[in-house]
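Report on the structure given below.
Just so it is clear, the model here is predicted, and its values are computed rather than measured. Numbering of residues begins at 1 and proceeds along the displayed sequence.
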Amino acid sequence: MSLEAEPRLKPEVSAPPVTAPQRATGGYALIDSLKRHGVTHIFGYPGGAILPIYDELYRAEAAGGIQHILVRHEQGAAHAADGYARATGKVGVCFGTSGPGATNLVTGIATAHMDSIPMVIITGQVPRGAIGTDAFQETDIYGITLPIVKHSYVVRDPKDMARIVAEAFYIAGSGRPGPVLIDVPKDVGLEEFDYVPVEPGSVKLPGYRPTVKGNPRQIVQAIDLIRQARQPLLYVGGGAIAANAHAEVKQLAELFNIPVTTTLMGIGAFDEHHPLALGMLGMHGTAYANFAVSECDLLVCVGARFDDRVTGKLDEFASHAKVIHVDIDPAEVGKNRTPDVPIVGDVRNVLKELLRRIQAAGISGTPNQTQEWLNRINRWREDYPLVVPHHDHSIAPQEVIFEVGRQAPDAYYTTDVGQHQMWSAQFLKNGPRRWISSAGLGTMGYGLPAAMGAKVALPNEQVICISGDASFQMNLQELGTLAQYGINVKTIIINNGWQGMVRQWQQAFYGERYSSSNMEPSMPDFELLAKAYGIKGIVIHSRDQLQDAITEMLAHDGPVLVDAHVTRDENCYPMVAPGKSNAQMIGLPERPKEDTVAELIYCSDCGAKNVTTNKFCPECGTKL
């Protein structure tokens, strides 16, 4: 949704407290409005068009209560604001100037948009009279970002500034969260006017009414399906994180003994140490989660969107199941999979009402309702466990990640994108909001600045970035930001000398033609690079160094960069190949044990033995 500077739907503004107008600039109105909305940190990089705003920010910083973090690249500012928002649930804020400053923010805006992260992005613009003349450093950032924002503005009159900021925060953080852009021409920032503040929450947009309560009739239908199901599965996405619905998900799962699988975005929404937890599903999900979604008779989708990396071949995804889909965005319900019971509303509100109705009716799951189903899943766990490999002459990347998770179980983790991201998703056990990763857009270079934002937001928490040697080089300049502000982020590079996931796909699907994926030539010495920025660097070459190096990293009072040299050709498994069903995984850890009790049938395609309850062959994925 995007509105012009003067929106077609004029917002209603509730009567603010009586405040005498004061003469102020547009820049002052912006900074004051941000402070009124609780903004304490801004990530940004100045430039000509945004200097009037930075001049007011200079005064505000001197007065206290707000801090600007000078990043080394605007993309780092957007990712830092994103990480700040994911770690706290608050709206993240970043600044960039016009032209290249604004366009450098685009990747970060798209990342936040794909993952529904609340952000307000302030860009400078050329003066109003120069707009449309191809002036120096003029770019139509409003038009460029239309597909990747929830809402956007160009401020044509400084009198609109306070209202626009209040609207932007309301829109970014309500309904399905997302980024909102405010483009401010230079002369708007300089112009004086009679400023009257607009307080947070005082604006109302008549055309914007997110549905937050689920339809009662559909909630009752959902309860009936849950009561009837014998092989149910909870499929939980990032919407549960955004809604802070962790307690409600757990209560529902335990009440009916329903196993729980999460998307990459949903990691942390359910206690991963819980016996009902199946971990992540999808392309690199656990085998038992993927088998469960292929065999379930009821799929309860909570705050997820049936993404292609989750579903694999869509028409075979939970093909025998009835579907309940709970999501705050009506556009997502039925977009990829038509549900039997669609429920539009805030995930937490819907689950609370569902649980209230269950309690009021005295309903509970029967003790044995899902026991046979859980027994089957537990057999899959035993047959297809996630395994940390052990190589004689090199460290497996999974070993590094497992050791970090063992020594820092309660840390906030950010990742970049690639194999290390998937291994981290598989082997780290994360709590709510402690998993921060670019899921929808898959943005390399995300991890370090996102960790920076999370650490600024939560200075007393341990924040660790797990990166790859290729991803890290995308935004390594943010080491300068860490050094300048003493931001105590620990970064571990899983260094295999490749664009690891690209190499794996080239090996599997492109005849081992490794075109432009080898990063070893001209690989920097990361320890010396860290030292050049005044940051502690550590190198790990062998297994006997691993434990002590991680301990040293965690104990150091300041940012640390660890370069962990790992097995060069390790692949990330299990893996659902493109176009295949979730049951058709390659790289499973071991052949399943023969079931000597249940009646066995043979797969018509590969001849593997199967129990009669299987609907898909776990060896080749053929329907039985």
Side-chain angles (χ1 to χ4, degrees), residues 272-273 385-416 418-430 447-448 451 462-473 476 479 482 488-501 503-504 518-573 587 589-590:
E272 296 187 31
H273 297 282
L386 286 174
V387 175
V388 176
H390 185 98
H391 305 299
D392 290 338
H393 303 295
S394 63
I395 313 170
Q398 299 94 318
E399 288 182 85
V400 179
I401 292 166
F402 186 85
E403 180 61 25
V404 174
R406 188 186 70 81
Q407 292 198 36
D410 298 320
Y412 283 72
Y413 285 95
T414 72
T415 78
D416 274 290
Q419 289 177 315
H420 67 273
Q421 178 189 32
M422 296 295 102
W423 284 317
S424 298
Q426 290 174 344
F427 290 100
L428 295 175
K429 306 297 182 184
N430 298 276
L448 178 60
Q462 184 74 265
V463 178
I464 299 172
C465 169
I466 297 181
S467 188
D469 53 276
S471 284
F472 182 76
Q473 293 184 74
L476 61 80
L479 290 175
L482 298 185
N488 189 359
V489 165
K490 316 300 187 188
T491 303
I492 301 163
I493 300 174
I494 306 299
N495 189 345
N496 60 10
W498 292 94
Q499 299 161 29
M501 193 63 82
R503 183 205 60 77
Q504 180 171 336
N518 186 0
M519 299 297 291
E520 194 169 36
S522 299
M523 177 80 71
D525 184 321
F526 290 114
E527 183 184 23
L528 289 180
L529 180 68
K531 192 174 295 184
Y533 279 101
I535 289 174
K536 183 178 181 62
I538 300 173
V539 182
I540 302 173
H541 287 288
S542 61
R543 184 173 290 108
D544 58 6
Q545 298 174 312
L546 177 59
Q547 183 175 331
D548 289 345
I550 300 304
T551 301
E552 181 183 359
M553 175 194 79
L554 296 174
H556 181 72
D557 184 17
V560 180
L561 181 64
V562 175
D563 181 13
H565 291 257
V566 299
T567 309
R568 276 184 58 80
D569 57 355
E570 187 73 31
N571 286 335
C572 185
Y573 293 127
E590 63 181 49

Problem set entry | Verdict with supporting geometry, Leu554 and Ile464, side chain to side chain contact (heavy atoms under 4.5 Å, CB included) | CA-CA 9 Å; Leu554 296 174; Ile464 299 172; 3.9 Å; yes
Problem set entry | Name of the residue among Cys465, Pro524, Ser467 meeting side-chain contact (heavy atoms from CB on, under 4.5 Å) with Phe472 | Ser467
Exercise. What's the spacing between Ile550 CD1 and Gln545 CD if we round to 0.5 Å?
Worked result: 11.0 Å
Exercise. How far does CD1 of Ile493 sit from CG of Leu529, to the nearest 0.5 angstrom?
Worked result: 8.0 Å
Problem set entry | Within 6.0 Å of CZ in Phe402, more than 12 heavy atoms from elsewhere | no
Exercise. Gln426 versus Gln398: any side-chain heavy-atom pair under 4.5 Å?
Worked result: no
Check residues 556-566 and write down every donor-acceptor pair under 3.5 Å in which the side-chain atom is one partner and the other belongs to a residue at least two apart or another chain.
{"residue": "Asp563", "atom": "OD1", "partner": "Asn495", "partner atom": "ND2", "Å": "3.0"}
{"residue": "Asp563", "atom": "OD2", "partner": "His565", "partner atom": "NE2", "Å": "3.0"}

For this session: Could you tell me whether the side chain of Thr567 reaches within less than 4.5 Å of the side chain of Asn496, counting heavy atoms only?
Result: no
Seminar exercise, completed: Heavy-atom closest pair (Asp416 atom, Gly447 atom, distance to 0.1 Å) is OD1-N, 3.0 Å
Exercise. Can Glu570 and Trp423 be said to form a side chain to side chain contact (heavy atoms under 4.5 Å, CB included), step by step?
Worked result: CA-CA 11 Å; Glu570 187 73 31; Trp423 284 317; 3.7 Å; yes
Seminar exercise, completed: When rounded to the nearest 0.5 Å, the distance separating OH of Tyr573 from CD of Gln419 is 9.5 Å
Exercise. Applying the side-chain contact (heavy atoms from CB on, under 4.5 Å) test to Tyr413, which of Val463, Ile401, Asn430 qualifies?
Worked result: Asn430
For this session: For side chain to side chain contact (heavy atoms under 4.5 Å, CB included), just list the numbers for Ile466 and Gln421, CA-CA rounded to whole Å, side-chain angles, deciding distance to a tenth of an Å, and then say yes or no.
Result: CA-CA 8 Å; Ile466 297 181; Gln421 178 189 32; over 6 Å; no
Seminar exercise, completed: For Ala470 and Gln499, the nearest pair of non-hydrogen atoms, with its separation, is CB-CG, 3.8 Å
Exercise. Are any non-hydrogen side-chain atoms of Met553 and Lys536 less than 4.5 angstrom apart?
Worked result: no
Seminar exercise, completed: Between Pro389 and Ala396 the two heavy atoms that sit nearest each other are O-CB, 3.5 Å
Exercise. What heavy-atom pair brings Gly468 and His420 nearest, and what distance separates the two atoms?
Worked result: N-CE1, 3.4 Å
For this session: Report the C-alpha separation of Arg568 and Ser394 in whole Å, then their side-chain angles, then the decisive distance to 0.1 Å, and conclude whether the side chain to side chain contact (heavy atoms under 4.5 Å, CB included) test is met.
Result: CA-CA 9 Å; Arg568 276 184 58 80; Ser394 63; over 6 Å; no
Seminar exercise, completed: dist Asn571:CG -> Met501:CE (nearest 0.5 Å) comes out at 9.0 Å
For this session: Answer yes or no: is there a side-chain heavy-atom contact under 4.5 Å between Leu448 and Leu482?
Result: yes
For this session: Work out which heavy atom in Met422 is nearest to a heavy atom in Cys572; give both atom names and the distance.
Result: CB-SG, 3.5 Å
Exercise. How many angstroms lie between atom CG of Asp469 and atom CZ of Phe526, to the nearest 0.5 angstrom?
Worked result: 6.0 Å
For this session: To the nearest 0.5 Å, tell me how far Asp569 CG sits from Arg503 CZ.
Result: 6.0 Å
Exercise. Looking only at heavy atoms, which two atoms of Pro397 and Ile494 are closest? And how far apart?
Worked result: CB-CG2, 3.5 Å
